[in-house]
Enquirer: 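Sharing a structure with you now.
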Amino acid sequence: MLRPLKRRRLSKRSALNPQSNGNPRVSVTIPKIIAHRGSPREAPENTLASFRKAKAAGAKWVEFDVALTKDLRPVIFHDDGLERTSDGEGLLADLDFEAVKHLDAGSWFDRAYAGEPIPTLEETLELLAALELGFNMELKTDSGREAELATIALPIALDMWPAHLPTPLISSFSRIAIASAREVSSTWPLDVIYDRIPQEWAEDAKKLELVAIGANHKHLTREQVMEIRGAGLKLSTYTVNEVERAATLFQWGVDAIFTDIPGEMVRRFGA
Ligand code: G3P
Ligand code: MG
């Protein structure tokens with residue numbers, strides 16, 4: 001039985017900023033280990049079952065991908081196409097929620113998870129709050145609805161997430177989505193994710209009021225870590241599934257890794 005959530009008042013851009021100078025966003029405390037899509041080697045990714053496994057594995061935070069159905073319901077799903085992680089066909093963005101909610105997002109992984117649904121954002125936040133699991137919500141955009149996703153998903157999270165739990169991190173590969181998130185909330189921490197960190201990362205950070213940057217660890221250099229950390233930003237890297245690589249990244253000064261093996265990483269590095 002889930003406890004009813006305490007409602008957090010919606011924070012509008014017009015609200016007073018907590019600081020008059022510099023970045024007005026609350027600084028984020030991110031744990032070292034972020035369970036990527038839950039614990040996707042133990043349960044189907046981006047499902048409630050996967051988030052429960054991440055909690056059992058000792059993770060303090062999970063990362064999940066939020067995307068829109070055709071009729072604008074935010075659900076937790078990674079790919080554009082439905083085939084890899086559900087029994088649906090075609091694009092998530094072409095299907096109404098009424099159809100999405102009947103899809104099986106578990107059988108592809110293991111028959112033991114047959115019937116596991118694609119969760120809604122609301123169901124996910126309720127579970128995470130009940131488990132006291134922090135989160136990084138990645139806005140997984142489809143072309144043309146980048147701003148819309150932020151303006152639909154973020155108010156739900158702002159409204160539902162209990163104030164006593166850790167402030168989450170809102171991220172996206174889409175600068176348009178993050179620019180829109182910036183308008184929706186004047187305080188929640190924002191993060192742009194890059195595959196290769198571009199020349200203009202510092203410009204993005206200033207313009208979009210970022211508190212953190214996400215980067216593909218495969219292209220990351222020690223110099224970039226020093227520059228980004230030196231600029232006062234947090235740095236997370238994805239997707240790190242080798243303990244030795246994680247040790248190197250932490251030694252460079254990376255704040256957090258997204259990993260598919262949260263249990264093993266927590267045992268090695270602490271949560
Ligand atoms: O935010 C880290 C990671 O989730 C980004 O890549 O494709 O796994 O969503 P992806
Ligand atoms: Mg993601």
Side-chain angles (χ1 to χ4, degrees), residues 28 30-48 50-51 54 59-68 74-86 91-93 105 109 118-119 121 124-125 128 133-143 145-146 149-150 153-154 157 168-178 181 188-198 201 204-205 208 210-220 224-225 228 233-242 245-246 249-250 254-262 265:
V28 67
I30 43 177
K32 289 169 93 169
I33 308 302
I34 303 177
H36 183 236
R37 310 179 199 171
S39 187
R41 293 196 184 169
E42 296 186 284
E45 66 177 57
N46 277 328
T47 63
L48 299 186
S50 189
F51 304 140
K60 287 200 161 68
W61 274 36
V62 294
E63 181 264 0
F64 62 81
D65 305 290
V66 65
L68 291 175
V75 295
I76 311 309
F77 204 76
H78 178 273
D79 296 2
D80 293 335
L82 292 160
E83 289 82 356
R84 184 179 64 88
T85 59
S86 85
L91 301 177
L92 174 75
F109 182 84
I118 295 172
L121 175 58
T124 299
L125 294 172
L128 300 186
L133 255 180
F135 68 91
N136 172 198
M137 178 166 77
E138 183 189 339
L139 302 168
K140 203 52 116 181
T141 57
D142 54 272
S143 181
R145 300 197 299 176
E146 293 89 348
L149 172 59
L154 189 52
L169 182 63
I170 308 303
S171 68
S172 187
F173 283 98
S174 164
R175 294 173 177 90
I176 301 170
I178 294 298
W188 269 19
L190 304 176
D191 164 301
V192 167
I193 315 163
Y194 304 106
D195 180 24
R196 289 175 191 274
I197 294 177
W201 67 265
D204 282 351
L208 297 170
L210 306 181
V211 304
I213 279 177
N216 187 338
H217 80 94
K218 289 183 181 157
H219 310 304
L220 191 65
Q224 287 172 324
V225 175
I228 291 165
L233 293 161
K234 297 278 168 64
L235 178 61
S236 59
T237 59
Y238 66 94
T239 304
V240 185
N241 292 330
E242 284 167 10
R245 179 61 176 162
L249 292 164
F250 287 134
V254 162
D255 294 284
I257 60 163
F258 296 94
T259 183
D260 296 333
I261 49 168
M265 292 295 188

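These figures come from a predicted structure and were not determined experimentally. Numbers for residues simply follow the sequence, beginning at 1. Just follow the structure's listing: the first ligand is 1, and inside any ligand the first atom is 1.
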Enquirer: Near Glu63, which atoms of ligand 1 are under 4.0 Å from a heavy atom of that residue?
Expert: 1 (O), 3 (C), 4 (O)
Enquirer: What closest approach, in Å, do Lys140 and Phe173 show between heavy atoms, and which atom pair accounts for it?
Expert: NZ-CE1, 3.9 Å
Enquirer: Of all the non-hydrogen atoms in the protein, which one sits nearest to atom 5 (C) of ligand 1, and at what distance?
Expert: Glu138 OE1, 3.5 Å
Enquirer: Can you name the N/O/S atom of Asp65 that is nearest the Mg ion (ligand 2)?
Expert: OD1
Enquirer: Do you know the tightest heavy-atom contact between Leu233 and Trp201?
Expert: CD1-CZ3, 3.6 Å
Enquirer: How large, to 10°, is the angle at the Mg ion (ligand 2) when you draw lines to OE1 on Glu138 and to OE2 on Glu63?
Expert: 100°
Enquirer: Return yes or no for this condition: an N or O of Ser171 is under 3.5 Å from an N or O of ligand 1.
Expert: no
Enquirer: Please report the closest heavy-atom contact between Leu121 and Ile76, naming both atoms and the distance.
Expert: CA-CD1, 4.0 Å
Enquirer: Should you measure from each heavy atom of Lys140, which atoms of ligand 1 turn up under 4.0 Å away?
Expert: 7 (O), 9 (O), 10 (P)
Enquirer: In ligand 1, which numbered atoms sit nearer than 4.0 Å to a non-hydrogen atom of Arg37?
Expert: 7 (O), 8 (O), 10 (P)
Enquirer: Checking the N or O distance criterion of under 3.5 Å, is ligand 1 in contact with Asn136?
Expert: no
Enquirer: With a 4.5 Å limit on heavy-atom distance, are the side chains of Arg37 and Asp65 in contact?
Expert: yes
Enquirer: Checking the N or O distance criterion of under 3.5 Å, is ligand 1 in contact with His36?
Expert: yes
Enquirer: How close do His78 and Arg84 get, heavy atom to heavy atom, and via which atoms?
Expert: ND1-NH2, 4.0 Å
Enquirer: Is the shortest heavy-atom distance from the side chain of Val66 to the side chain of Phe77 under 4.5 Å?
Expert: no
Enquirer: Does the side chain of Thr124 reach to within under 4.5 Å of the side chain of Phe135, using non-hydrogen atoms?
Expert: no
Enquirer: For a side chain to side chain contact (heavy atoms under 4.5 Å, CB included) with Leu235, tell me which candidate from Asp191, Leu249, Leu220 qualifies.
Expert: Leu220
Enquirer: Measure Asp65 to ligand 1 on non-hydrogen atoms and call it side chain, backbone, both or neither using the 4.0 Å cut-off.
Expert: side chain
Enquirer: Give the atoms of ligand 1, by number and element, whose distance to some non-hydrogen atom of Phe173 is under 4.0 Å.
Expert: 5 (C), 6 (O)
Enquirer: If you compare all heavy atoms of Ser39 against all heavy atoms of Ser50, which two are closest, and at what distance to 0.1 Å?
Expert: N-OG, 2.8 Å
Enquirer: If you measure from each heavy atom of Ile193 to ligand 1, is any distance below 4.0 Å?
Expert: yes
Enquirer: Considering heavy atoms of the protein only, find what lies nearest to atom 10 (P) of ligand 1 and give residue, atom and distance to 0.1 Å.
Expert: His78 NE2, 3.3 Å
